[in-house]
K.L.:
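One structure is given below, represented as structure tokens, and several questions about it will come after.
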There are 2 protein chains.
Amino acid sequence: MPRPTIKTIAQETGLSIATVSKALNDSPQVRPETRALVVAAAARVGYQLNMHGVQLRTGKTYQVAAIMTAPGPKQNEWEGVEYAQLLSGISWALEDSPYRVALYAVRTFEESLTTIRQIVSLKKADGIIVSGTHADDPRVRIMQEADFPFVTYGTTIHNAPHAYVDADNEQMIRHAVARLAERGHRRIALINPMAELSYSLTRLQAYRGALDVAGLSFDPALVAHGHLTPAFGRENVLVMSTRPDAPTAYICANEASALGAFSGFHARGLVHGRDAVINATDDLNVSQYFAPPITTYFLPIHEPSEMLGRYILRRMEGEAPQALQTLIMPKLIERSDDRLMSG
Amino acid sequence: MPRPTIKTIAQETGLSIATVSKALNDSPQVRPETRALVVAAAARVGYQLNMHGVQLRTGKTYQVAAIMTAPGPKQNEWEGVEYAQLLSGISWALEDSPYRVALYAVRTFEESLTTIRQIVSLKKADGIIVSGTHADDPRVRIMQEADFPFVTYGTTIHNAPHAYVDADNEQMIRHAVARLAERGHRRIALINPMAELSYSLTRLQAYRGALDVAGLSFDPALVAHGHLTPAFGRENVLVMSTRPDAPTAYICANEASALGAFSGFHARGLVHGRDAVINATDDLNVSQYFAPPITTYFLPIHEPSEMLGRYILRRMEGEAPQALQTLIMPKLIERSDDRLMSG
DNA sequence: ACAATAAAGTTAAACGTTTTTATTGTGCGG
DNA sequence: CCGCACAATAAAAACGTTTAACTTTATTGT
């Protein structure tokens, strides 16, 4: 027995396939009693909409493309792990909709650009979710010019307004710097993501602003930009800690780099809380198991990720991007008092 | 100007759409010169195959469903991070094929079961990749009964032969236990995944076998089964280390639990290498940054994940599952000598 | 030279929908 | 009681592709 179609229902009810289709789509053109008849018959024969027919007819794909910029195979460093939770959050948000998440794993920014260009021009998806935004992001421009629905994880700085979700990096870094300054730290290092990323710039500016407010001077030698791997965090502690005026506090952009920083402490014989302290943002709940646990800013990642899913749905329904912009303030988790030991 | 179709090419070349279709699909029914003509015209007008038409006509979806069992939103523990790398590996392996990865995030085993049932019965994908196999896995049975192409990440024990990729848990655990025994350890704890998982059983049996070989006795109190979170690793160290005959070595099934075990050491004032040691399998390159670094069995995760992608392609082409079974032996990375301090 | 065969195309149908256009029947005002 | 508007349904076309069945032309064997 072949899979039932609207034709099956039409025969079953004696109606035409047109009426069946309209009934199933809640068209006002069909009498409620007729609709009930159709619905009953559909249930009876076990009808399930065949998406291929719909897709061909309407041109809609019912796919949301998730662009995932993950490090290449040779790169064995611990990086990009947050994608797993990001993707599942998106997937769950789309669960009750007809949309599915189609994964596009790319290795580089350029590759993501060509991938997006292709998705847009060939309509391979109805919406796009992209992360790792640049301050001036050409991908955003492409999608905007084509009037293609999209949501970014991360803000942009020089682009026209668009839908986004992000942590409130500005507030978070200002708070972190102020808190450390209050506790006596005067040399605060910033382990920052790659410079071209929008949130890297946001953090840097917030950092400088907060230093100003605290009456501390800015030293470019205490700021590092790079891939947020453990190797990167370690590297920077090894270098910075041997300076004549070594930092007494490190603000790491994520837990991977914080773990690396710890490893650097160990290599240099530094003791956390005595010689210097580490704080981290983008906590994934790993830091609480560090020895000793460190102070972090925690953002349960399912919040922004489910929001990305909900936003892309609303964006695909035509809602204005301005209404779909959210910065989430992560919560401070103080696992260490982080006071400067006068030494 | 609307998007060009085979009809456009037909008009352009004066051929029928049937011939154009055959030419583009390398049918032997069309002359090489004609084919060249068609290909040239296709390039000229910028033709791109519209998948929706193909899908409707052939019933193929060109989607590979990746079932990702991720912990629910409330579960903030660091778990399942390896999925990010797994997914990108699969995605890369499918890159040059017409297939895409469609993500199905589920919360529980039961949910994965109903999801798979649906994908199979409604043909929502052409192939399935599923992980977290049970010793006797009903999902495998469902797919086999429907003759649906699939590959599992992880073996099964009681199911009929099928395509799989996995780490060689048997060899790995045997090696790990033998190595620790050689170094003088007589109380070796096994921090194992949840008991219903196939590889949990494999590991347990290998563990017992290796204990036998080394002339050590098996103590159920030194084996723990559960979700491989840091919390779980910590918990078990806290409990086991207070026993009268506490273990002198812990074999953790992944880095998350190893990290938690470290945290447990810290809480109990245990020193790694003096009071006890930790080894881990399923290294994601985090352990090298632990302080001190620990001995692990390392498997570059892009290897099994790309293999999953290649295998599902071959499986969908009809290749026998028996030809698509691989166990990969992870490489020992000895970061600590792990000798028992007689004390 | 002629039927049989093969090669290379063409025609037409089909996949399952949605949607535009056409048809039917009904109630209503005049 | 006639025509008209309107509601409800039906008919038909369309989306882009593949493929079975058919036609034409050239080639072969006798």
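Since the structure is predicted, the reported quantities are computational estimates derived from the model, not experimental observations. Residue numbering restarts at 1 for every chain, and letters A, B, ... go by the order of the sequence lines.
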K.L.:
In this structure, which one of B:R117, B:R139, B:R107 forms a side chain to side chain donor-acceptor pair (under 3.5 Å) with B:S112?
P.N.:
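The residue from B:R117, B:R139, B:R107 that satisfies side chain to side chain donor-acceptor pair (under 3.5 Å) with B:S112 turns out to be B:R139.
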K.L.:
Look at A:T58 and C:dT18 and indicate whether a side-chain polar atom (N or O) is within less than 4.0 Å of OP1 or OP2.
P.N.:
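Negative; the distance criterion is not met.
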K.L.:
Would you say the side chain of A:K60 and the base of C:dT17 hold a donor-acceptor pair, judged only by whether the two atoms sit under 3.5 Å apart?
P.N.:
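A donor-acceptor contact between them is absent.
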K.L.:
Does B:T108 reach the main-chain N or O of B:E111 with its side chain, forming a donor-acceptor pair under 3.5 Å?
P.N.:
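Confirmed, B:T108 side chain pairs with B:E111 backbone.
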K.L.:
Determine: side-chain N/O of B:S21 to OP1/OP2 of D:dT19, distance under 4.0 Å, yes or no.
P.N.:
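No, no such contact exists.
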K.L.:
Does the structure show a Watson-Crick or G-U wobble partner for D:dG3, both distances under 3.5 Å? Name it, or say none.
P.N.:
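Answer to the pairing question: C:dC28, which forms a Watson-Crick or G-U pair with D:dG3.
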K.L.:
If you check every side-chain atom of B:A18, which of C:dG9, D:dA12, C:dT10 has the closest atom?
P.N.:
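Looking only at side-chain atoms, B:A18 lies closest to C:dT10.
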K.L.:
So if I take every side-chain heavy atom of B:N50 and compare against C:dG9, C:dT10, D:dG16, which nucleotide ends up nearest?
P.N.:
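My answer, after comparing the listed nucleotides, is D:dG16.
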K.L.:
Rounded off to whole Å, could you give me the NZ-to-P distance for the A:K22 and C:dT21 pair?
P.N.:
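One finds 12 Å between P of C:dT21 and NZ of A:K22, rounded.
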K.L.:
Hey, are A:T133 and A:Y164 close enough side-chain-wise for a donor-acceptor pair under 3.5 Å?
P.N.:
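No, no side-chain donor-acceptor contact under 3.5 Å.
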K.L.:
When the nearest nucleotide of DNA chain D is assigned to A:Q29 and to B:M51 on a heavy-atom basis, which residue is associated with the more 5' position?
P.N.:
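The answer here is A:Q29.
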K.L.:
Please work out if A:T5 contacts a base, only the sugar-phosphate, or nothing of the nucleic acid, heavy-atom cut-off 4.0 Å.
P.N.:
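Sugar-phosphate: the residue A:T5, judged by heavy atoms under 4.0 Å, touches backbone atoms but no base.
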K.L.:
Looking at B:T61 and B:Q55, what are the two nearest heavy atoms and their distance?
P.N.:
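Closest approach of B:T61 to B:Q55: O-NE2, 2.8 Å.
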K.L.:
Find the distance B:L122:CG to C:dC15:P and express it as a whole number of Å.
P.N.:
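Spelled out: CG on B:L122 to P on C:dC15 is 19 Å.
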K.L.:
Out of D:dT9, C:dG9, C:dT17, which nucleotide sits closest to the side chain of A:R31?
P.N.:
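Out of D:dT9, C:dG9, C:dT17, the nucleotide with an atom closest to A:R31's side chain is D:dT9.
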K.L.:
For B:I6 and D:dT19, what is the distance between atoms CD1 and C1' respectively, to the nearest whole Å?
P.N.:
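Checked: the CD1 to C1' distance equals 11 Å.
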K.L.:
Under 4.0 Å, counting only non-hydrogen atoms across every strand here, what does B:K7 touch: a base, just sugar-phosphate, or nothing?
P.N.:
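Nothing, no nucleic acid heavy atom in range.
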K.L.:
Hey, does A:I17 reach any base, or is it just sugar-phosphate, or nothing, if we go heavy atoms under 4.0 Å?
P.N.:
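Since a base atom lies under 4.0 Å of A:I17, the category is base.
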K.L.:
Rounded to the nearest angstrom, tell me the gap between atom CD in A:Q55 and atom C1' in D:dC15.
P.N.:
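Result: 12 Å.
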K.L.:
Closer than 4.0 Å, any side-chain N/O of A:Y47 to the OP1 or OP2 of C:dT17?
P.N.:
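For C:dT17, OP1 or OP2 has a side-chain N or O of A:Y47 closer than 4.0 Å.
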K.L.:
Both A:P32 and B:V54 contact DNA chain D. Which one's nearest nucleotide lies toward the 5' end?
P.N.:
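Closer to the 5' end of DNA chain D: A:P32.
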K.L.:
Just to be sure I understand the rule, does A:L15 reach a base, reach only the sugar-phosphate, or reach nothing, if contact means heavy atoms closer than 4.0 Å?
P.N.:
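Result for A:L15 = sugar-phosphate.
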K.L.:
Quickly work out the A:N25 CG to C:dT19 P distance and round it to whole Å.
P.N.:
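Going from CG in A:N25 over to P in C:dT19 covers 8 Å.
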K.L.:
Within the supplied structure, the quantity of interest is the number of heavy atoms (other residues, nucleotides, ligands) at a distance under 6.0 Å from B:D26 CG; does it exceed 12?
P.N.:
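Yes - once you tally the heavy atoms of other residues, nucleotides and ligands closer than 6.0 Å, there are more than 12.
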K.L.:
Report the distance from atom CG of B:L49 to atom P of D:dG16, rounded to the nearest whole Å.
P.N.:
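Distance, rounded to whole Å: 12 Å.
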K.L.:
Tell me the partner of D:dG29, counting only Watson-Crick (N1-N3 plus N6-O4 or O6-N4) or G-U wobble (N1-O2 and O6-N3) with both under 3.5 Å; none if nothing fits.
P.N.:
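Check on D:dG29: paired to C:dC2, both distances under 3.5 Å.
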K.L.:
Determine whether B:H162 and B:Q144 make a side-chain contact, defined as any pair of heavy atoms from C-beta on separated by less than 4.5 Å.
P.N.:
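The answer is yes; the side chains approach within 4.5 Å.
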K.L.:
Starting at atom CG of A:L24, determine the distance to atom P of C:dT19, rounded to an integer number of angstrom.
P.N.:
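Going from CG in A:L24 over to P in C:dT19 covers 13 Å.
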K.L.:
May I ask you to evaluate whether A:T34 reaches the phosphate of D:dT9, defined as a side-chain N or O under 4.0 Å from OP1 or OP2?
P.N.:
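Yes, because at least one side-chain N or O of A:T34 sits under 4.0 Å from OP1 or OP2 of D:dT9.
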K.L.:
Taking CG from A:L56 and C1' from D:dA13, how many angstroms apart are they, rounded to a whole number?
P.N.:
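These atoms are roughly 13 Å apart.
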